[in-house]
Each structure stands twice: as structure tokens, then as C-alpha cells.
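Chain A is the first sequence line, chain B the second, and so forth, proteins listed ahead of strands; every chain is numbered from 1.
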Protein chains: 2
Amino acid sequence: MVARYELIADELRDEILSGAHPVGSQLPSEAELAERHGAARGTVRQAIAVLAAEGLVGSRQGARRIVLGRTRSQSFAELHSFAQWARANGYRFGGQVVAQRRRVSRGGEYTRLGSEEVLEVLRVRTLEGEPVLLERTVYAEWVAAAVERLPAGCESVTEALYESVGLVFAYGEHLIDAVPAGAQDSRLLGVRRGSPLLRQRRTTTTHEGRPVETSDDRYRAGSVAFSIRNSIGANPLVRQAGDLRFRAGEHMFES
Amino acid sequence: MVARYELIADELRDEILSGAHPVGSQLPSEAELAERHGAARGTVRQAIAVLAAEGLVGSRQGARRIVLGRTRSQSFAELHSFAQWARANGYRFGGQVVAQRRRVSRGGEYTRLGSEEVLEVLRVRTLEGEPVLLERTVYAEWVAAAVERLPAGCESVTEALYESVGLVFAYGEHLIDAVPAGAQDSRLLGVRRGSPLLRQRRTTTTHEGRPVETSDDRYRAGSVAFSIRNSIGANPLVRQAGDLRFRAGEHMFES
DNA sequence: TAAAGGAACTTGTACAAACAAGCGAGCACC
DNA sequence: GGTGCTCGCTTGTTTGTACAAGTTCCTTTA
């Protein structure tokens, strides 16, 4: 059963994306939309809230809503899953586990994951045949067994874990910065030592807030960029000073 | 006049941040909160929606809401304004215009800003006395005059433009990646050539969708990181391949 | 003992109504 | 001509009600 406001949101989004409501133009008023769809004003407002969260429309009290753009920002699933993102954009991609071992948690891992024993996995991801991403992931003990059962060349860890144990990654926290490539980075990604890498450190939890994994992902410069669309009122982004949360130079596999 | 749901949201947020509702614990039900605050359930739902957008709480239909975290993601204003972010976090900061000139727009600038003539400004921002950020900003013609009137050492451009011409930066689009420092970058930021910089390219518009500026900001590695919190359903982030929108190597002031 | 069923609770969706607050255009006045 | 004002429109906030859908836990049943 799809909610009514979602249907209305879909229809409005299509109209915007198709150009029926050009960028900069005014959207019909809530009352007009409500009448057209035979719905209450509150329902229409809910539909429009969806589009506003996507950054498609903006509004000010008293004035008609305005179309802001036609490029829709995508879902959290795509942010989290390299495979889903690559597939959605039609890229050839792959992945390979380079190293995998269990060990006791150290540093801030116990605080973040809540388990004494953890599973650490080192994966290289390729895009169009080129290695572009190095993932250093640490899994909490309760998912370790499921991760170990995955094949080394598993394309999408996110999807595989959903299918095998019904695990859904629901919430995430991300820190994005730039770092010079270390010895292992340069070897596995095929770049010079010290060349720039885009680093994304994340901690993911389930719906219930149960920590699943914490990861240090490094992208080759130029291969990918993070894109953010936001507006006043709907904005999950903040700049943070230096390394408040992760210790500088704390590498997971170096030793 | 502050809306009621905002007051309730503030109170709930305080309770979470103060530890009255620890991470992982259940929030009171909507009905309970409604009764406690003497408000309708819909109003309480609005308040909770604010916290959900901030990533503080998560919810599933049928089950009680759960506290996900205690670090609140900040406002868009802070993402946009270096000064506001630095001040809110108690850092000493400064800024200095290095170069400023009018020229005709080139490359994708005309498409993004919609004006033939533009004003380009090169600013260095310091944090705790150290240069950490190099801003290469291009303003649309209609704000150029107001920007030129600002003092060279203006601390907060965002605030100054609001006070002088009532300009409010409302919406933004951001691309974040890593690049090696060029000759000018290394000279002004005091780093070695080729060392990693965190680059944020953005285009900002007003409420009405009118483009104000497009900018290429480069942060010294280790000085700042971007932090993102998100949950399924409320997520403005997407990965993008290479340089789909901005041409690689298109520097504004090199020459 | 384990599975099935159901009842109470909780969140999600939808509708209707009313007032507040801000915007924009047209009008009257100076 | 331009200034200020009013009026209608539009979005923002709040309340109340009703039902749908999912969760949790206890009870019943095989």
C-alpha cells in the first residue's frame, strides 16, 4: 500500500523533472493541488515536504512555492552502498577482499561498536576496471559470522547482508576529509605516496540504533565526489574541526 | 513568535543532549508527550520530525521511537558561512581578500550564475592564526557592487551581505572531493605543492532560486572535516562520478 | 514446550477546520 | 511620480478525529 501523499509527490516530481514546471517558476498553490487531487491540504503539504527535502522546491510564507532545481538528490542507500550507486549510474564495478581477520577491538572501536571482538576487512573496489576505493571496515561481533560467509569477490556487501540475514543499514554518521596516501594506500590504489585521497569515515547502525560497522574508505582523487544539496531547514551537514572524533593517523591495517 | 512545535522540539532535544534519554533508549510515546505538553498529537509529531531530521531519533511504525545519537548536526548557515561555524565553536578566525576583479563569465559560470559579467574574489581564511581555507568565489553581477563595498578584512561575508542588502543565502549545492595543491594553493596556504586539499565547490541561490555565487573552497588537510548524519528517508547526499559538472583543472585565478 | 492467536499499544496516514503571518498587487492620496 | 495602505491570496501553525498498519507481549492451544 503506497501512501497518498507519496503518489502526489511522485506526480509533482514528474511534472518538475519533465519540465512542466520549469526551474524558477511558481508551483500551484496548496489549495489548488488539493482540489486537483481530491485530497486535503495537509496531505498535499506532506507531499510537498518530500520534494522540499529532496531540494526540488523552496518556499516562503506568504509567497507561492518555487521550483529550485531538477536534479534530485538520491537515497541514503546509494551513499552507503558503492555497488548500488555504481549500478544506478551504469558503471562497471567490482570488489575484492584483500585481507580479513578477527581481532579484539582497540581505540575508539569498542565505544563505537559495542563489542570486544571485531572483524576487520580490507576491500578494494574498482570502477571501470580501475581501483578507486579502499575500504577498511570493522564489523561488530554480531554480524562478523555473516560477513565471513560472503565470497571474497562479493559485489555488494549491503545487498548480500540484507539477503542472508535481513540486515538493513539504517542510520549513518560520516566524516569526510582529505588525506595523503599512505604506503598501503598507494600500493593498492596505484597512486603515488602522499597523493590526495578523499576519505570517508562512517559508523552505521540499524533501525534500533545498534552499531553494525565502522569504516575508513579512501577514494582516489578525481574518481568520485560527494554531492550535497540542501536548503535552510533541511540540512544534515556540519563542518567539524580537525580530528575531534577519530584519532589522526589511526590506521586499521597498518602494522 | 516561536512556533509551539519548536519549543517542544527544543525541550526534547535538551532532554536527549542532557542524557535524560540515553542513546538507545525509548522516547515517550506521542500520546504521552502530547498530554505532558498540553498539545495535540500532530504538533508533537512536528516537533519529533525536527529531531528526526537532525538525526537524533529514529522510528518504525508500531514501535516506540529510539534515541540514535547525541551529536546534533548543525544548520545550513554554518555549512555556508565559515565565520558562523568558527564562532559557534569558539575558534579564533579571520579573513583577508587577496585579489578581486570584475571580468566576463566563462566556462559554466554563465549557466550557473546567469550573468555575463561577474566579480571574482580570492580570500584566505585563518583559524587560530593559521591559514586553512582558500576561497575562490565568483559572484553574480547583481550582488557584485555590494560585495565590492565590503572591507578587505571582512570577517563574515554572509552576515555583512545580510546586513547591507538583506541578502539571505537559502539554497546550496555542494561538491566535495580531494585535490592536490596547485602553485597558488601551496603559496597561500603554506603547504607543499601536491599535498592533499579538501575541496568544496558550491553554488548558492536565494529563496527565489536566483543564483548568487559559485565558489571553489580548498581546505588544508587535517584542518576541517565535513560531518554528515543521515537516516533512511531524510538524506540529501549522493556520490557523483568524477567531474560531471565542473571541468577538471578549471582554476579561477591561475594565469 | 512451542506455536498460534489476539489484545493493547504505538506510529503512519488522511481529513476538516480555523487562525496567524507574510507577500504582492492594486488603489488612493499627497 | 511615488509613497503608503488595504485587501486578497498563500503558506505556516495548531487542534481534533478517525482509521490503517505494525509491534509487543500475553494468553491460549495443540
Side-chain angles (χ1 to χ4, degrees), chain A residues 1-12 21 24-53 56-68 166 168 170-171 206-210 231-234, chain B residues 1-12 21 24-53 56-68 162 166-168 170-171 206-210 231-234:
Chain A
M1 188 53 192
V2 181
R4 188 100 109 92
Y5 76 89
E6 287 182 350
L7 296 177
I8 298 176
D10 289 344
E11 194 174 321
L12 266 176
H21 300 301
S25 71
Q26 292 188 334
L27 228 53
S29 75
E30 294 177 1
E32 199 177 325
L33 290 170
E35 197 190 5
R36 184 196 303 175
H37 292 89
R41 196 182 144 217
T43 307
V44 171
R45 277 183 71 82
Q46 238 175 314
I48 295 176
V50 174
L51 303 187
L56 290 179
V57 303
S59 61
R60 287 138 69 210
Q61 183 174 129
R64 281 278 262 271
R65 257 173 265 261
I66 284 181
V67 178
L68 288 175
V168 176
Y171 303 99
T206 66
H207 280 295
E208 297 84 20
R210 191 177 188 190
S231 53
I232 289 184
Chain B
M1 188 51 193
V2 181
R4 188 101 110 92
Y5 74 89
E6 286 183 350
L7 297 177
I8 299 177
D10 289 344
E11 196 174 320
L12 267 177
H21 299 301
S25 71
Q26 293 187 335
L27 227 54
S29 74
E30 293 177 0
E32 199 178 324
L33 289 171
E35 197 191 5
R36 184 195 304 175
H37 291 90
R41 195 183 143 217
T43 308
V44 170
R45 278 183 70 81
Q46 260 186 100
I48 294 176
V50 173
L51 303 188
L56 290 180
V57 303
S59 60
R60 288 139 69 210
Q61 183 174 122
R64 282 278 259 271
R65 257 173 266 261
I66 284 180
V67 178
L68 289 176
Y162 174 70
L167 179 61
V168 176
Y171 304 98
T206 65
H207 280 295
E208 296 84 19
R210 192 176 187 191
S231 52
I232 290 185

Check the pair B/I8 / B/L33 against side-chain contact (heavy atoms from CB on, under 4.5 Å), numbers first and verdict last.
CA-CA 9 Å; B/I8 299 177; B/L33 289 171; 5.9 Å; no

Spatial distance of atom CZ (B/R65) from atom CG (B/L56) [nearest 0.5 Å]:
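Here the rounded value is 13.0 Å.
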
To the nearest 0.5 Å, tell me how far B/H37 NE2 sits from B/L7 CG.
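Reported value, rounded in 0.5 Å steps: 9.0 Å.
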
Check the distance between [N]'s [atom2] and [X]'s [atom1] and give it to me in whole angstrom.
{"X": "B/Q26", "N": "C/dC9", "atom1": "CD", "atom2": "P", "value": "15 Å"}
{"X": "A/L51", "N": "D/dT11", "atom1": "CG", "atom2": "P", "value": "13 Å"}
{"X": "B/H37", "N": "D/dT13", "atom1": "NE2", "atom2": "C1'", "value": "17 Å"}
{"X": "A/I66", "N": "C/dG24", "atom1": "CD1", "atom2": "C1'", "value": "13 Å"}

Counting only heavy atoms not in B/Q26, do more than 12 fall under 6.0 Å of its CD?
yes

Could you run down the sub-3.5 Å N/O contacts of the protein with nucleotides 11-15 of chain C?
from: C/dT11; atom 1: OP2; to: B/E30; atom 2: N; distance (Å): 2.9
from: C/dT11; atom 1: O4'; to: B/G62; atom 2: N; distance (Å): 3.3
from: C/dG12; atom 1: OP1; to: B/S59; atom 2: OG; distance (Å): 3.2
from: C/dG12; atom 1: OP2; to: B/R45; atom 2: NH1; distance (Å): 3.1
from: C/dG12; atom 1: OP2; to: B/R45; atom 2: NH2; distance (Å): 3.4
from: C/dG12; atom 1: OP2; to: B/R65; atom 2: NH1; distance (Å): 3.3
from: C/dG12; atom 1: O4'; to: B/Q61; atom 2: NE2; distance (Å): 2.8
from: C/dG12; atom 1: N7; to: B/R41; atom 2: NH2; distance (Å): 2.7
from: C/dG12; atom 1: O6; to: B/R41; atom 2: NH1; distance (Å): 3.1
from: C/dT13; atom 1: OP1; to: A/Y5; atom 2: OH; distance (Å): 3.1
from: C/dT13; atom 1: OP2; to: A/Y5; atom 2: OH; distance (Å): 3.4
from: C/dA14; atom 1: OP1; to: A/R4; atom 2: N; distance (Å): 2.2
from: C/dA14; atom 1: OP2; to: A/R4; atom 2: N; distance (Å): 3.4
from: C/dA14; atom 1: OP2; to: A/Y5; atom 2: N; distance (Å): 3.1
from: C/dC15; atom 1: OP1; to: A/R4; atom 2: NH2; distance (Å): 2.7
from: C/dC15; atom 1: OP2; to: A/A40; atom 2: N; distance (Å): 3.1
from: C/dC15; atom 1: OP2; to: A/T43; atom 2: OG1; distance (Å): 2.6

Where is the tightest heavy-atom contact between B/P28 and B/R36, given as atom of each residue plus distance?
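Nearest pair, atom of B/P28 first, then B/R36: CG-NH2, 3.7 Å.
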
Cut-off 3.5 Å, no hydrogens considered: what does the side-chain donor-acceptor table look like for residues 40-50 of chain A, sequence neighbours left out?
from: A/R41; atom 1: NE; to: A/E30; atom 2: OE1; distance (Å): 2.5
from: A/R41; atom 1: NH2; to: A/E30; atom 2: OE1; distance (Å): 3.1
from: A/R45; atom 1: NH1; to: A/E30; atom 2: OE2; distance (Å): 2.8

